[in-house]
Amino acid sequence: MTRLEERLAIEPDGTIVVRSGKVEIGQGIRRSFARLVAAGIGVPVERVRVELGDTATTPWDMGTFGSLSTRTDGALLARAAHFARRQLLDRAARRWNVEPSLLAGENGAVRGPDGRCATYAELAAEAPLTGEIRDDEPLSVPRGPADGTDDGRAIVTGSLRFAGDLRTPGMLHGRVLRPPAHGARLVSLDDRAARAMPSVTAVIRDGDFVGVVAERARTARAGLRALVAEWSDPPPPPQHERTLVLRDDRDANQALAAAAHAFAAIYELPHVANAPLGPSAALADVRADGATIQAATQRPFGVRDDVARLLGIAPPRARVIAVPAAGSFGRNNSSDAAIDAVRLSRAVGRPVLVQWSRADELHAAPNRPRLSAHVRAGLDANGRFVAWSSDIVTNPHVYFGDLERLPDELVAMTCARNAVPPYRLPAAHVAVKIVPAAIRTAALRSLSAAPNVFAIESAVDELAATARLDPLELRLHNCDHPRLIRVLECVAERSGWARRPRGGGVGLGLACALYNDTYVAQVAEVETSPRIRVRRAWCALDCGTVVDPDGARNQIEGGIMHALSWALVEQLPHDGPRVTANNWDDYPIARCHDAPDSIDIVFTDDGHTPPTGVGEPGAVPFGAAIANAVAAACGVRRRSEPIALAK
Amino acid sequence: MTRYVLVVNGREVAVEAPGEASLLDVLRDQLDLTGAKYGCGEGKCGACCVLVDGESLPACRQRLADIGERAIVTVEGLAAGGELSAVQEAFVEENAMQCGYCTAGMVIATTALLAKTPTPSGAEIRAALEPHLCRCGVYERAIRAAKRVAGGGR
């Protein structure tokens with residue numbers, strides 16, 4: 001039930017304005033949406049203005065995650081554009097008393113066969129365009145390279161303002177004290193030194209919340225450093241746990257016992273940090289009649305509701321505007337910086353900008369849960385799966401709610417994503433136990449999918465080795481998804497899977513996944529001496545029709561780099577509830593020297609299947625591809641990340 | 001508080017701040033030049049790099065008192081008369097960015113490299129970009145952008 005008038009309007013100068021509650025976080029949806037709308041209504045792409053993520057002007061949206069934006073809102077706006085074009089054609093047809101089918105809507109105007117012409121703007125001025133956008137409205141995706149309508153020029157000239165770059169008259173800088181360990185409570189606070197600093201405007205304390213406000217970021221930091229706080233030891237985490245059984249075929253154990261080739265192993269993934277390059281930031285202006293918050297957020301409507309709850313006001317009185325943010329991959333689902341800024345602004349009655357420090361971002365932001373998977377699998381003598389069993393333990397991958405009260409579907413969607421292998425499994429047992437973590441956890445790019453696929457796709461290779469089968473053949477032999485088969489065959493061909501030499505410290509590894517209806521297969525070529533390095537990467541991906549080929553490539557390259565970083569570099573050090581990393585030295589991520597020499601990406605796009613997502617799938621199988629390549633290169637199998645040869 | 005005169009993007013500007021204030025804080029809070037980003041405050045991510053007499057340095061590690069007469073160029077100062085520099089143009093052409101938070105630093109580092117070494121090797125480009133972290137993973141594109149300017153082909 002979506003109304004055209006909520007999504008699209010034509011301004012007097014002919015600009016097509018479209019609205020979505022999604023946010024732009026570097027994934028390129030502004031460009032993709034503009035392109036879809038331009039094609040749908042018939043205007044040059046620069047005539048489209050895409051308004052995103054503002055609770056006062058765009059429709060409600062749950063949040064920008066799950067590689068869903070193009071799939072849902074891109075498609076919706078494309079259909080809205082097509083619907084609007086139909087209405088414009090009808091209006092011109094009535095005006096000229098001709099059949100609409102004789103008219104064409106292109107380049108911002110309707111043209112008749114006799115050369116008559118009416119601009120969209122003048123036709124739209126007759127009356128607002130309204131109506132229900134129907135699902136069967138055609139969805140046309142433009143072909144060829146995308147024109148640049150993105151923020152590139154503003155980025156390279158430094159004029160694009162990220163949340164932490166906002167400056168407004170009367171604004172103060174705020175910094176907030178973080179507990180040294182997750183769940184620690186404030187026992188005592190001596191703020192005399194901070195209050196005595198002339199450059200400090202105010203020290204605000206409200207329960208465990210302590211913040212310093214000052215004219216400059218530098219003096220706010222100095223004030224924070226002058227606070228002397230004593231914190232309690234955090235209580236042990238609550239002992240509740242939750243188990244989801246996704247498949248529980250009674251004969252799985254028997255089938256495993258009778259398998260011609262059987263294999264069992266445990267795979268383990270550590271906590272990793274979201275660690276966005278730009279720490280969380282927000283600017284809040286709280287007044288008697290409401291609040292305006294400009295935030296780096298993936299969830300403006302969620303922030304609005306959190307702010308309204310805090311202030312005890314109706315949600316419409318809090319306006320949240322998503323502003324440019326450092327790529328955050330789930331981190332900015334939380335309302336952290338926005339809530340900080342609101343509390344400080346409310347206390348001092350002026351706009352306050354809060355930006356977290358790097359140390360706080362590492363200490364106190366949510367992290368990817370740990371995950372361990374005990375996998376048992378068996379093949380018959382012909383190389384077909386007879387059974388699969390995974391017992392998985394992880395922590396909450398959700399950023400909200402009480403784990404005990406969340407509905408099963410939501411827990412499955414987040415904490416058990418990609419837990420079931422995409423293969424033909426006559427019998428299977430897959431169970432996911434979710435236990436609390438000592439440190440804060442929530443979503444990171446693909447949630448539990450990348451860890452689960454690391455376990456599954458490593459195990460498939462190990463099983464192939466046990467049965468002396470080619471890893472590609474084993475996958476193809478056991479797969480019923482034609483589109484997954486196609487990306488596997490395609491990546492094999494592109495990478496020269498059958499003929500490329502292995503051994504002597506160089507190896508190829510393959511892995512694949514079916515992630516939220518996107519099919520992805522990847523090959524890594526690694527060398528293992530003097531250190532593990534990915535030389536080349538190949539990826540074949542089926543995301544339906546590709547909307548912006550270079551933008552999609554960029555996302556997949558980024559996913560591959562992210563997964564490479566998890567696989568070879570990242571692991572968050574912590575001592576129980578206390579994260580011990582303070583800066584990038586303690587929490588390294590992949591750098592330029594880690595980048596593969598080349599990343600080959602091919603889309604198996606049939607040109608008519610509706611688009612799915614590309615933001616996360618590229619990061620899902622690549623860790624297993626690396627682990628499999630390392631095993632092929634030097635015979636050493638690692639079942640945990642980060643993968644290291646010296647242990 | 002001391003009064004300092006800096007040369008920023010070709011213009012003399014006066015600022016009042018303690019000598020131990022970082023150049024990054026002064027640029028961002030007192031000169032409204034927010035192109036250099038705060039990423040870590042310890043010179044370990046490259047997001048705040050600016051040209052200091054042609055050398056790419058993290059502004060968060062430069063003390064105001066130590067700048068003296070050295071010329072500071074921030075990412076805002078690279079486009080002469082509204083025309084993008086060759087490096088900026090190449091980053092746009094290669095779409096060598098996603099969120100753009102690391103881009104200013106990478107553009108500055110590439111500018112410094114090419115001013116000294118107009119036709120750098122692949123290894124020299126990687127070395128110049130090595131101090132720059134990118135969470136979106138555009139490293140390969142940044143290398144391509146540098147090669148494009150250097151005429152090293154695509």
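Quick note on labels: first sequence line is chain A, next is B, and so on, each numbered from 1. It should be emphasised that the depicted structure is a prediction, and the values quoted were computed from it without experimental measurement. Only heavy atoms go into these numbers, but all of them, side chains included; no hydrogens, no water, no symmetry mates.
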Taking every heavy atom of A:Ser565 against every heavy atom of B:Arg135, the minimum-distance pair comes out as OG-NH1, 4.0 Å
Comparing A:Ala281, A:Cys592, A:Ala325, A:Gly158 against chain B, the one with the most heavy-atom pairs below 4.5 Å turns out to be A:Cys592
Taking every heavy atom of B:Lys37 against every heavy atom of A:Phe162, the minimum-distance pair comes out as CE-CD1, 3.5 Å
Q: Apply the test side-chain contact (heavy atoms from CB on, under 4.5 Å) to residues A:Gln555 and B:Gln98: give CA-CA distance (whole Å), side-chain angles for both, the deciding distance (0.1 Å), then the verdict.
A: CA-CA 8 Å; A:Gln555 287 301 300; B:Gln98 287 183 23; 3.2 Å; yes
Separation between OG1 (B:Thr34) and CG (A:Leu160), nearest 0.5 Å, reads 9.0 Å
Distance col, row B:Cys99:SG vs A:Asp151:CG, nearest 0.5 angstrom, shows 11.0 Å
Whatever's closer than 4.5 Å to a heavy atom in chain B on A:Glu361 counts as neither
Kindly determine whether A:Arg216 and B:Asp25 satisfy salt bridge (charged side-chain N to carboxylate O under 4.0 Å, His left out), including the steps that lead there. CA-CA 8 Å; A:Arg216 303 218 186 280; B:Asp25 277 330; over 6 Å; no
Between the CD atom in B:Glu42 and the CG atom in A:Asp585, the distance rounded to the nearest 0.5 Å is 7.5 Å
Highest number of heavy-atom pairs under 4.5 Å with chain A among B:Val75, B:Leu133, B:Val138, B:Thr103 belongs to B:Leu133
Tightest non-hydrogen contact, residues B:Arg141 and A:Arg553, listed as NH2-CB, 3.7 Å
Applying a strict 4.5 Å limit to non-hydrogen atoms, the region of A:Leu277 in contact with chain B is both
Practice problem: Check the pair A:His173 / B:Asp29 against side-chain contact (heavy atoms from CB on, under 4.5 Å), numbers first and verdict last. | Solution: CA-CA 10 Å; A:His173 291 265; B:Asp29 281 1; 3.6 Å; yes
When rounded to the nearest 0.5 Å, the distance separating CZ of A:Arg167 from CZ of B:Arg28 is 5.0 Å
Residues A:Arg218 and B:Gln30: closest non-hydrogen pair is NH2-OE1, 4.3 Å
Per-residue tally against chain B (heavy atom, under 4.5 Å) across A:Pro324, A:Gly551, A:Gly558 peaks at A:Gly558
From the list A:Ser328, A:Ser357, A:Ala359, A:Gly28, the residue making the most non-hydrogen contacts under 4.5 Å with chain B is A:Ser357
Interface check, chain A: of B:Leu129, B:Val107, B:Leu84, B:Ile143, most non-hydrogen pairs under 4.5 Å belong to B:Leu84
Between A:Ala595 and B:Tyr139 the two heavy atoms that sit nearest each other are CB-CB, 3.9 Å
When the 4.5 angstrom heavy-atom criterion is applied to A:Ser159 and chain B, the contacting part is neither
Turns out that what part of A:Leu564 lies under 4.5 Å from chain B's heavy atoms comes down to neither
Scored by heavy-atom pairs under 4.5 Å with chain B, the best of A:His562, A:Gln27, A:Met561, A:Arg161 is A:Arg161
Do the non-hydrogen side-chain atoms of B:Met97 and A:Asn554 ever get within less than 4.5 Å of each other? no
d(A:Asp165 CG, B:Tyr101 OH) to nearest 0.5 Å is 6.5 Å
Looking only at A:Arg445, A:Glu24, A:Glu215, A:Gln355, most heavy-atom pairs under 4.5 Å shared with chain B are made by A:Gln355
Next item on the list: Go through the steps to decide whether B:Arg126 and A:Asp597 satisfy the test salt bridge (charged side-chain N to carboxylate O under 4.0 Å, His left out), and finish with yes or no.
Entry: CA-CA 11 Å; B:Arg126 281 180 186 247; A:Asp597 298 329; 3.4 Å; yes
Honestly, the part of A:Asp550 sitting under 4.5 Å from a heavy atom of chain B is both
The interface call for A:Pro596 against chain B, heavy-atom contacts under 4.5 Å, is backbone
Nearest heavy-atom approach of B:Gly39 to A:Trp584 is O-NE1, 4.1 Å
Separation between CD (B:Glu140) and CD (A:Glu557), nearest 0.5 Å, reads 5.5 Å
Per-residue tally against chain A (heavy atom, under 4.5 Å) across B:Cys40, B:Gly35, B:Cys134, B:Gly137 peaks at B:Cys40
Ranked by heavy-atom pairs below 4.5 Å to chain A, first place among B:Ser85, B:Cys45, B:Gly41 goes to B:Cys45
Chain B shares the most heavy-atom pairs under 4.5 Å, among A:Ala275, A:Pro276, A:Gly327, with A:Ala275
